[in-house]
Peer 1: 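Sharing a structure here in structure tokens format.
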Amino acid sequence: MSKHEETYNAKDPHGLGDPEDRSLRIVEKEVLIPKIMRDRAKTEKCVPEVEEFTKCCSSSNLLMAYSCRKQNAAMQDCQTRWYKDEVFKEECKEIYLKERREFRLTGIPKKHRLKATENIVNSNKSNIDGN
């Protein structure tokens, strides 16, 4: 029996935890899932407010803290609404659990999986364009 066969565990294929485990550690609940919520709120849910705040900041230079209070408050209000939305919170939790499951199954972090997928797409595209 090889060393790999002795230590291999089907429930923990890469030594990163059981992919099917849905329990969450404190850091996942209080840091990682809220980060997904923040990112999604900015890029999906509060786009007009973020754009207005960004536009204001880029035109205000040094006085932006004072000049852009209204836009900042609108952006913060929008994000807070989404942070308090239980359905949104559950969606973000499911996104996190899906990403964690993929990591535990493959041993490859999300950013590396995305980069590999992008490389394959670009490679296929150049093959198609080249033919």
Side-chain angles (χ1 to χ4, degrees):
M1 188 176 237
S2 73
K3 185 173 185 174
H4 175 71
E5 290 171 333
E6 289 175 21
T7 60
Y8 181 76
N9 178 354
K11 287 190 173 239
D12 188 3
H14 295 280
L16 302 169
D18 179 1
E20 304 308 322
D21 177 24
R22 295 184 53 85
S23 63
L24 294 167
R25 297 174 297 147
I26 292 173
V27 70
E28 292 169 316
K29 289 178 191 174
E30 295 181 2
V31 177
L32 300 174
I33 294 171
K35 181 184 182 318
I36 292 171
M37 292 173 69
R38 268 192 314 278
D39 293 345
R40 284 191 68 209
K42 282 182 183 177
T43 60
E44 297 175 23
K45 306 296 185 182
C46 301
V47 173
E49 292 86 349
V50 171
E51 286 176 354
E52 284 298 314
F53 179 68
T54 303
K55 189 168 80 176
C56 179
C57 288
S58 64
S59 66
S60 297
N61 297 330
L62 296 174
L63 300 175
M64 79 175 128
Y66 179 77
S67 303
C68 302
R69 288 179 302 186
K70 181 178 154 193
Q71 292 84 349
N72 186 34
M75 182 179 70
Q76 296 297 326
D77 289 346
C78 178
Q79 290 174 345
T80 300
R81 272 194 318 274
W82 285 104
Y83 297 157
K84 292 179 179 180
D85 184 307
E86 290 301 319
V87 173
F88 181 66
K89 193 180 290 187
E90 190 62 29
E91 286 174 11
C92 293
K93 175 182 156 187
E94 290 304 317
I95 289 169
Y96 175 77
L97 287 169
K98 181 181 176 200
E99 290 173 1
R100 184 182 74 178
R101 181 181 185 277
E102 287 299 313
F103 172 67
R104 287 178 172 183
L105 283 171
T106 64
I108 303 169
K110 178 184 173 187
K111 62 183 174 185
H112 295 293
R113 285 195 314 271
L114 293 176
K115 190 170 186 127
T117 303
E118 184 180 301
N119 290 342
I120 290 168
V121 168
N122 289 337
S123 174
N124 289 342
K125 189 175 180 181
S126 66
N127 289 340
I128 292 169
D129 293 343
N131 291 332

Peer 1: Run the side chain to side chain contact (heavy atoms under 4.5 Å, CB included) check on Lys45 and Arg40 step by step: do they pass?
Peer 2: CA-CA 7 Å; Lys45 306 296 185 182; Arg40 284 191 68 209; 4.2 Å; yes
Peer 1: Between Lys84 and Thr80, does a side chain to side chain contact (heavy atoms under 4.5 Å, CB included) hold up when you go through it step by step?
Peer 2: CA-CA 6 Å; Lys84 292 179 179 180; Thr80 300; 3.6 Å; yes
Peer 1: Measure the CE-SG distance between Met37 and Cys92 for me, rounded to the nearest 0.5 Å.
Peer 2: 5.5 Å
Peer 1: Does Tyr83 reach the side chain of Lys89, with side-chain heavy atoms less than 4.5 Å apart?
Peer 2: no
Peer 1: Report the distance from atom CZ of Phe53 to atom SG of Cys46, rounding to the nearest 0.5 Å.
Peer 2: 13.0 Å
Peer 1: In the structure I gave you, are the side-chain heavy atoms of Glu94 and Arg22 within less than 4.5 Å of one another anywhere?
Peer 2: yes
Peer 1: Should Lys93 and Glu86 count as an ion pair when the cut-off is N to O under 4.0 Å?
Peer 2: no
Peer 1: Can a salt bridge be assigned to the pair Asp39 and Lys35 using a cut-off of 4.0 Å between side-chain N and carboxylate O?
Peer 2: yes
Peer 1: Quick check: closest heavy atoms across Ala74 and Glu49, and the distance to 0.1 Å?
Peer 2: O-CG, 3.9 Å
Peer 1: Between Arg104 (side chain only) and Arg101 (backbone N and O only), is there a donor and an acceptor less than 3.5 Å apart?
Peer 2: no
Peer 1: Can you see which heavy atom on Ser23 is nearest to which on Asp21, and at what distance?
Peer 2: OG-OD1, 2.8 Å
Peer 1: When you look at Cys57 and Cys68, which way does the disulfide (SG to SG under 2.5 Å) test go after all the steps?
Peer 2: CA-CA 7 Å; Cys57 288; Cys68 302; 4.2 Å; no
Peer 1: Determine, step by step, whether Val50 and Thr43 satisfy the side chain to side chain contact (heavy atoms under 4.5 Å, CB included) criterion, reporting the C-alpha distance in whole Å, the side-chain angles of both residues, the deciding distance to 0.1 Å, and the verdict.
Peer 2: CA-CA 8 Å; Val50 171; Thr43 60; over 6 Å; no
Peer 1: Quick test of your reading of the model: are Glu28 and Arg100 salt-bridged, counting only N-O distances below 4.0 Å?
Peer 2: yes
Peer 1: Just do the side chain to side chain contact (heavy atoms under 4.5 Å, CB included) check on Phe103 and Ile108 with the steps written out, would you?
Peer 2: CA-CA 5 Å; Phe103 172 67; Ile108 303 169; 5.7 Å; no
Peer 1: Could you pull out the closest heavy-atom pair between Trp82 and Phe88, with the gap in Å?
Peer 2: O-CD2, 3.2 Å
Peer 1: What's the spacing between Met64 CE and Asn72 CG if we round to 0.5 Å?
Peer 2: 10.5 Å
Peer 1: How long is the span from the CZ atom in Arg81 to the CG atom in Asp85, to the nearest 0.5 Å?
Peer 2: 10.5 Å
Peer 1: Find the distance between CG (Leu97) and CD1 (Ile33) and round it off to the nearest 0.5 Å.
Peer 2: 6.0 Å
Peer 1: Is Lys42 atom NZ crowded by more than 12 heavy atoms from other residues, nucleotides or ligands, each under 6.0 Å away?
Peer 2: no
